[in-house]
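Have a look at the structure below, then the notes.
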Protein chains: 2
Amino acid sequence: MTNINPEWVGLNQFDEDKGLFPADMSYSIQNYRKNILIFRQGGVCDALYILIQGSVKTEMITENGNLLGIEIIKAPRPLAPAFLFSDNNRFPVDVTTLEDAEVLRIPKEEVIRLMTSQPDFMKQFLTHNANRTQFLTNRLQLLSIKTIKGKIAHFLLEQSSEHGSKFVINRNQTELAGFFGVARPSLARSLSEMVQDGVISINKKEYTLLNNEGLRELLL
Amino acid sequence: MTNINPEWVGLNQFDEDKGLFPADMSYSIQNYRKNILIFRQGGVCDALYILIQGSVKTEMITENGNLLGIEIIKAPRPLAPAFLFSDNNRFPVDVTTLEDAEVLRIPKEEVIRLMTSQPDFMKQFLTHNANRTQFLTNRLQLLSIKTIKGKIAHFLLEQSSEHGSKFVINRNQTELAGFFGVARPSLARSLSEMVQDGVISINKKEYTLLNNEGLRELLL
DNA sequence: TGGTATGTGTAACAGATGTTACACTTTTTG
DNA sequence: CAAAAAGTGTAACATCTGTTACACATACCA
């Protein structure tokens, strides 16, 4: 129900750039077979883990069994790097391999050492987390808009600020509905009403904004 | 409408610990009078700004005038430190002083230098951002639950995992409604239904969880 | 090319939440 | 202590969204 589409979630990644890591780095590599639970929600996160091969899914679970959200992560990407340094440094999710996977583990102390000795590593780490925060902020902003038309307006105005008043969205209604967290027919209804009201026009996947004022009013 | 209560937003802060900063740090201090716009949404963020005196409000605006959310920040706290290192390093909000304010400005290069030379500063910076991310993640999780009862259940189970099955919540219904992003009477209705259904009981501000299974089902 | 899968438009209906209003209770304050 | 303020319970009603169902269009594939 509240699944989070992987596409919307993890944007940036540590480049494969092994060059980032010095030869004397202390680390270990773990290999896991398919369908293995590698981190448990609530478990202490005392190292930086980077998925360098394979893919995993993270599930947010509610102490017994109900899922709240799923994210699929493909290599290469760090796993929950933001939590390594939080006061409550515990994994917020279960992590399970989807296929055979290889995980690089760098102990927290070593991460700190790397950060001070390798400015590029530090910048990369900071940038990754910053981008993630920005993504979360944006997502939060979108979710805190109550009405479907408001969400659509927010999204379209954002696109518009990047691509002008006419642009193509390479997503079908089902995907968009998932992104907004609403039902597909409800999205279709709202879209067609907005077209009828003359604030936008739609041709296939090409959207044209006709009345920015009107759109902004929908944000409430 | 979608106001974000300051209390829920910024938890951690750079301690006043001037000791974190070395004597040779290059910085500048800006003073602003009341009701001055000090950062504009979209403006480039090329330095770390720390509010050391006074208070400001941040408004998320939609290119012209409509508010999406307001956050009030009191000194001492950094202003949007997460965005300093993001690929799109622009302020996500307008920042306006509420009273006379004093802002410490540390250029990005200097921040990087500090991080490498002052491990404590680096840890503080990382921890702050990590906590912020964790907060945002949690908030996102809460907002992505659709039903009011689901939000309540999520919140109560979280409290319960920290304080056991009986605990006090020092917030009135109006505040809770704001936190959940719902209308106050709607919250009251949901709460009273949950009491009637016997999953919880409420005495003033003391909540008792009577049926955790039932609560988990409400998460959907 | 024809058939199948996928995507879209739309309608009827049910359910949940917001809005408004008001009585009542509790807390605060002078 | 009394009056005012703040907080709570509840009802009627409006509105929005989800659900389900189905017709139709479009894209894909053998």
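In the text below, chain A, chain B and the rest are named by the order of the sequence lines, each starting its count at 1.
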**OP:** Determine whether more than 12 heavy atoms belonging to other residues, nucleotides or ligands lie under 6.0 Å from atom CD of B:Glu102.
**Re:** yes

Original post:
Which one, C:dG9, D:dA11, C:dG18, comes nearest to the side chain of B:Val182?
Top reply: C:dG18

Subject >> Heavy-atom closest contact (A:Phe83 atom, A:Cys45 atom, distance) >> reply: C-SG, 4.3 Å

Original post:
Does B:Ser186 make a side-chain N or O approach to OP1 or OP2 of C:dG18 shorter than 4.0 Å?
Top reply: yes

Original post:
Pick the nucleotide of DNA chain D nearest each of A:Gly181 and A:Arg184; which residue has the one closer to the 5' end?
Top reply: A:Gly181

Subject >> Heavy-atom closest contact (A:Lys149 atom, A:Ser190 atom, distance) >> reply: CG-CB, 4.0 Å

Original post:
For A:Ile152 and D:dT17, what is the distance between atoms CD1 and P respectively, to the nearest whole Å?
Top reply: 9 Å

Original post:
Between atom CD1 in A:Ile148 and atom P in C:dA16, what is the gap in whole Å?
Top reply: 17 Å

Original post:
Where the side chain of B:Lys204 is defined as all heavy atoms beyond and including C-beta, which of D:dA21, C:dT26, C:dT17 is the nearest nucleotide?
Top reply: C:dT26

Original post:
Picking from C:dT8, D:dT17, D:dT10, which would you name as closest to the side chain of A:Asn172?
Top reply: C:dT8

Original post:
Whole-Å distance between C:dT26 P and B:Asn203 CG?
Top reply: 11 Å

**OP:** Specify the separation, in whole Å, of atom CE of B:Met194 and atom P of D:dG9.
**Re:** 14 Å

**OP:** Specify the separation, in whole Å, of atom OH of B:Tyr207 and atom P of D:dT8.
**Re:** 8 Å

**OP:** Respond yes when some side-chain nitrogen or oxygen of B:Gln173 is under 4.0 Å from OP1 or OP2 of D:dA6, and no when none is.
**Re:** no

Original post:
Just how far, in rounded Å, is C1' of D:dG9 from CG of B:Leu187?
Top reply: 12 Å

Original post:
Checking only heavy atoms, does the side chain of B:Arg189 share a donor-acceptor pair with the base of C:dG18 at less than 3.5 Å?
Top reply: yes

**OP:** Check A:Lys151 against A:Lys146 and note the closest heavy-atom contact, atom names and distance.
**Re:** CE-O, 3.9 Å

Subject >> Nucleotide C:dG15, atom P - distance to NZ of B:Lys146 in whole Å >> reply: 19 Å

Original post:
Roughly, in whole Å, what's the span from CD1 in B:Ile169 to P in D:dT8?
Top reply: 12 Å

**OP:** Go through C:dG18, C:dG9, D:dT20 for me and flag the one nearest to the B:Ala183 side chain.
**Re:** C:dG18

Original post:
Is B:Lys205 atom NZ crowded by more than 12 heavy atoms from other residues, nucleotides or ligands, each under 6.0 Å away?
Top reply: yes

